[in-house]
Amino acid sequence: MQLAVQGLLFVNVNYIVVPIFLLLIGADNIVRAFLPDGFFIDNIFILALVYGATSLPFTIYLLQDFFAAIPKEYEEAAMIDGAGLTRTMVQIFFPLAKPAISMAMLFNFLSYWNDYVISMTLITGERKTVQVGMLNLMSTAHSATNYGRLYAGMVIVAIPVIIFYIVVQKKLLQVSTGGGIK
């Protein structure tokens, strides 16, 4: 049973976009009695919520083994010192898990920063995400052959990824080199 559940964790989000969209349309139809414009479709916060909810299975799967590998002695020592469960998590487990948390953050950031399908489906109004805007810029560049504007947009899209990688790079190197030092 556990193997089946773990296998379902890797269902690609793009395969379930239509059910998510239909669920949000149904919720919008209910809410329209109170909010005439709706709430769930064309809302950037709902898009962020969908991104967060769909990234949880992978993140849990990634962090599960890392937290299981932390020796029980750390938790027992914290309890002897009088730390509660919350304090133990915040002061002991989270600092130990920073490399794995950084890796999960990087994978999820890159996954959803490059996402096109979900954002195109759930954001239907004038506001668009960067990737949908890049596609519009690319289609405009094909007809007008304005490659300078297209390449400038590509650089602008790449800058946050580079900055984020620089921020988490030190922790990622700890993950890749940590096993050889033992």
Side-chain angles (χ1 to χ4, degrees), residues 1-21 23-24 27 40 43-123 129-132 134 154-182:
M1 179 67 176
Q2 183 180 6
L3 187 62
V5 171
Q6 287 180 344
L8 290 174
L9 291 177
F10 289 100
V11 171
N12 193 337
V13 177
N14 294 327
Y15 298 149
I16 59 171
V17 168
V18 173
I20 291 171
F21 180 72
L23 179 75
L24 293 177
F40 294 101
N43 188 338
I44 197 77
F45 297 112
I46 299 298
L47 178 66
L49 185 67
V50 168
Y51 282 158
T54 55
S55 68
L56 274 177
F58 172 73
T59 304
I60 290 170
Y61 185 75
L62 183 68
L63 294 178
Q64 177 183 2
D65 289 334
F66 193 87
F67 277 108
I70 296 176
K72 282 280 207 192
E73 287 78 19
Y74 287 119
E75 185 177 359
E76 293 169 357
M79 284 186 194
I80 290 172
D81 288 342
L85 184 61
T86 306
R87 186 172 177 197
T88 303
M89 287 296 291
V90 169
Q91 292 184 345
I92 295 173
F93 287 148
F94 287 160
L96 287 172
K98 276 184 184 178
I101 292 170
S102 298
M103 186 182 309
M105 286 172 47
L106 182 66
F107 283 153
N108 288 324
F109 174 75
L110 290 177
S111 174
Y112 292 112
W113 180 256
N114 293 326
D115 177 64
Y116 172 77
V117 174
I118 298 172
S119 61
M120 182 67 176
T121 305
L122 298 182
I123 303 294
T129 60
V130 175
Q131 286 66 32
V132 177
M134 280 299 296
M154 289 180 187
V155 169
I156 290 171
V157 167
I159 288 173
V161 174
I162 293 168
I163 291 171
F164 189 75
Y165 181 75
I166 289 169
V167 169
V168 299
Q169 176 186 13
K170 185 177 180 181
K171 295 298 176 190
L172 288 175
L173 289 176
Q174 287 177 359
V175 169
S176 64
T177 59
I181 298 176
K182 292 181 183 177

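Keep in mind that the numbers below use all heavy atoms, side chains included, and drop hydrogens, waters and symmetry copies. Just so it is clear, the structure is predicted and the values come from calculations on it, not from any experiment. We number each residue from 1, following the sequence as shown.
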How long is the span from the [atom1] atom in [X] to the [atom2] atom in [Y], to the nearest 0.5 Å?
| X | Y | atom1 | atom2 | value |
| --- | --- | --- | --- | --- |
| K72 | E75 | NZ | CD | 5.0 Å |
| I101 | L96 | CD1 | CG | 10.0 Å |
| T121 | I20 | OG1 | CD1 | 9.5 Å |
| T54 | I16 | OG1 | CD1 | 7.0 Å |
| Q64 | T59 | CD | OG1 | 12.5 Å |
| I118 | S111 | CD1 | OG | 7.5 Å |

Nearest atoms (heavy-atom pairs only) where [X] meets [Y]:
| X | Y | answer |
| --- | --- | --- |
| L62 | A100 | CD2-O, 4.3 Å |
| V132 | M120 | CG1-SD, 3.6 Å |
| A78 | I92 | CB-CD1, 3.4 Å |
| A97 | F67 | CB-CZ, 3.6 Å |

With a cut-off of 6.0 Å (strictly less than), are more than 12 heavy atoms of other residues, nucleotides or ligands near CZ of F107? no

Is there a donor-acceptor contact under 3.5 Å from the side chain of W113 to the main chain of V130? no

Between the side chain of N12 and the main-chain N/O of N14, is any donor-acceptor distance below 3.5 Å? yes

L47 side chain near T129 side chain, heavy-atom distance below 4.5 Å: yes

Side chain to side chain contact (heavy atoms under 4.5 Å, CB included) between M134 and Y116, worked out: CA-CA 10 Å; M134 280 299 296; Y116 172 77; over 6 Å; no

Full working for side chain to side chain contact (heavy atoms under 4.5 Å, CB included) between Y165 and L110: CA-CA 10 Å; Y165 181 75; L110 290 177; over 6 Å; no

Y51 and D115: CA distance, side-chain angles, deciding distance, side chain to side chain contact (heavy atoms under 4.5 Å, CB included) verdict: CA-CA 10 Å; Y51 282 158; D115 177 64; 2.7 Å; yes

Go through it in stages, so that I can follow the logic: the residues are F40 and V50, the test is side chain to side chain contact (heavy atoms under 4.5 Å, CB included), and I'd like the CA-CA distance, side-chain angles, deciding distance and then a yes or no. CA-CA 10 Å; F40 294 101; V50 168; over 6 Å; no

